[in-house]
Student: 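Please read through the structure below; I'll follow up with questions.
The chains referred to below are lettered A, B, ... by the order of the sequence lines, with proteins before strands, and numbering in each begins at 1.
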2 protein chains.
Amino acid sequence: MGFTKSDLFTPEQNTVSLIFKALGHPARVAILDYLLKVGECICGDIVNELPLAQPTISRHLKELKNAGLIKGNIEGTAICYCISQEAVATIASYLDSILTQLNNNNNCC
Amino acid sequence: MGFTKSDLFTPEQNTVSLIFKALGHPARVAILDYLLKVGECICGDIVNELPLAQPTISRHLKELKNAGLIKGNIEGTAICYCISQEAVATIASYLDSILTQLNNNNNCC
DNA sequence: CGTTAATATCGTAATATTGCAATATATAAA
DNA sequence: TTTATATATTGCAATATTACGATATTAACG
């Protein structure tokens with residue numbers, strides 16, 4: 001096998017897990033960290049910043065974009081990338097809801 | 001290839017990406033959701049709740065435990081699982097920090 | 001048009017993940 | 001000790017992911 005039975009779970013579970021999955025690689029976290037530091041940049045800047053080849057960075061950017069974590073604006077031959085807060089807010093509120101419920105109902109073993 | 005060059009990234013990037021990765025599957029999100037609803041439970045309860053086989057649930061529980069997201073207390077032949085808030089708090093504060101910086105410095109393209 | 005620059009896609013190889021059946025382990029009860 | 005219960009591990013097959021070199025695409029510039 002190796003596939004995920006996503007039809008067996010709720011839409012929200014699938015949505016948040018897809019965003020979490022996109023953040024489940026250090027290179028993509030590093031890309032977000034860099035984007036946060038510089039505000040916005042083009043793909044080539046990230047290639048210079050991280051020790052990965054250009055096609056690899058491009059693929060990671062694609063996954064971040066598919067998850068809604070970044071957006072890209074075409075500027076001539078370059079593409080200007082920046083963080084999109086929506087997906088971040090989605091999983092942040094999911095986690096905050098977990099923390100709130102844990103604090104209110106601390107019946108942990 | 002298929003491996004991750006984790007030695008190329010910062011310890012924090014590796015730490016948070018490992019936690020995110022553990023949440024990057026809908027079955028593991030569903031397990032957390034169920035644990036949050038019932039407070040604590042044993043593996044068999046989750047097997048009855050989710051449409052996955054017992055070894056598969058056991059494997060997912062192992063990954064959640066490795067990431068620090070749950071803890072398990074042995075109670076006779078069963079193991080009582082519950083959410084551990086530390087890992088949740090780690091990535092929640094990481095995301096909150098991103099959101100704060102995005103609000104303060106909105107130079108997005 | 002030809003060239004350059006920036007990014008994306010393709011092809012391929014290696015590794016990782018997912019899932020289940022079968023089996024192993026470990027404790028409790030009879 | 002035997003049996004039942006609960007969970008973990010192993011072995012396997014299928015799929016997914018990661019990474020890079022080579023190539024394609026696209027737009028600006030001369």
Student: Identify whether A/Y81 and A/L32 are in the same connected component of the hydrophobic contact network (ILVMFWY, side-chain heavy atoms under 4.5 Å).
Tutor: yes
Student: Please examine the side chains of B/S58 and B/Q54, heavy atoms only from C-beta on, and report whether any two atoms are closer than 4.5 Å.
Tutor: yes
Student: What's A/I74 touching, base or sugar-phosphate or nothing? Going by heavy atoms closer than 4.0 Å.
Tutor: nothing
Student: Near DNA chain D, under 4.0 Å by heavy atom, which residues of residues 49-70 of chain A?
Tutor: A/L52, A/A53, A/P55, A/T56, A/R59, A/H60, A/E63
Student: Expressed as a whole number of angstroms, how long is the span from A/D45:CG to C/dA5:C1'?
Tutor: 13 Å
Student: In residues 24-35 of chain A, what residues come within less than 4.0 Å of DNA chain D, judged by heavy atoms?
Tutor: A/H25, A/R28
Student: Rounded to the nearest Å, what distance is computed from the CD atom of residue B/E75 to the P atom of nucleotide D/dT7?
Tutor: 10 Å
Student: Ignoring backbone atoms, establish whether A/Y81 has a side-chain N or O less than 4.0 Å from OP1 or OP2 of C/dA8.
Tutor: yes
Student: Quick one: does B/N103's side chain get under 4.5 Å of A/Q85's, heavy atoms only?
Tutor: yes
Student: Checking A/R59 now: which residues fulfil salt bridge (Lys or Arg N to Asp or Glu O under 4.0 Å) with it, not counting sequence neighbours?
Tutor: none
Student: Please check: side-chain N/O of B/N48 versus main-chain N/O of B/D45, any donor-acceptor pairing under 3.5 Å?
Tutor: no
Student: Quick one: CG on B/L64 to CD1 on B/I19, what's the gap to the nearest 0.5 Å?
Tutor: 11.5 Å
Student: Using side-chain heavy atoms (C-beta onward) and a distance below 4.5 Å, is A/L61 in contact with A/I70?
Tutor: yes
Student: Would you list the pairs meeting side-chain hydrogen bond (donor to acceptor under 3.5 Å, both in side chains) in which at least one residue belongs to residues 14-27 of chain B, sequence neighbours left out?
Tutor: A/T4-B/H25
Student: Look at the side chain of A/I42 and decide which nucleotide, out of C/dA6, D/dT15, D/dT7, has an atom nearest to it.
Tutor: C/dA6
Student: From CG of A/N73 over to P of C/dA6, roughly how many Å is that when rounded to an integer?
Tutor: 18 Å
Student: Please give, in whole Å, the distance from C/dT18 P to A/F9 CZ?
Tutor: 11 Å
Student: Rounding to a whole Å, what distance do you find between A/I79:CD1 and C/dT7:C1'?
Tutor: 6 Å
Student: Which of the following nucleotides, C/dC20, D/dA19, D/dT17, is nearest to the side chain of B/T4?
Tutor: D/dA19
Student: Taking only side-chain N and O atoms of A/K21, does any of them lie within less than 4.0 angstrom of OP1 or OP2 on C/dA16?
Tutor: no
Student: Test side-chain contact (heavy atoms from CB on, under 4.5 Å) on B/L23 and A/V16 and set out the steps.
Tutor: CA-CA 8 Å; B/L23 285 170; A/V16 298; over 6 Å; no
Student: Going by side-chain hydrogen bond (donor to acceptor under 3.5 Å, both in side chains), name the pairs with one or both residues in residues 86-97 of chain B, residues two or more places apart or in two chains.
Tutor: A/D33-B/Y94, B/S97-B/Q101
Student: Output the residues of residues 11-20 of chain A in contact with DNA chain D, where contact means a heavy atom of the residue under 4.0 Å from an atom of the strand; sort by number or write none.
Tutor: none
Student: Pair A/T56, A/V47 - check side-chain contact (heavy atoms from CB on, under 4.5 Å), show working.
Tutor: CA-CA 9 Å; A/T56 306; A/V47 173; over 6 Å; no
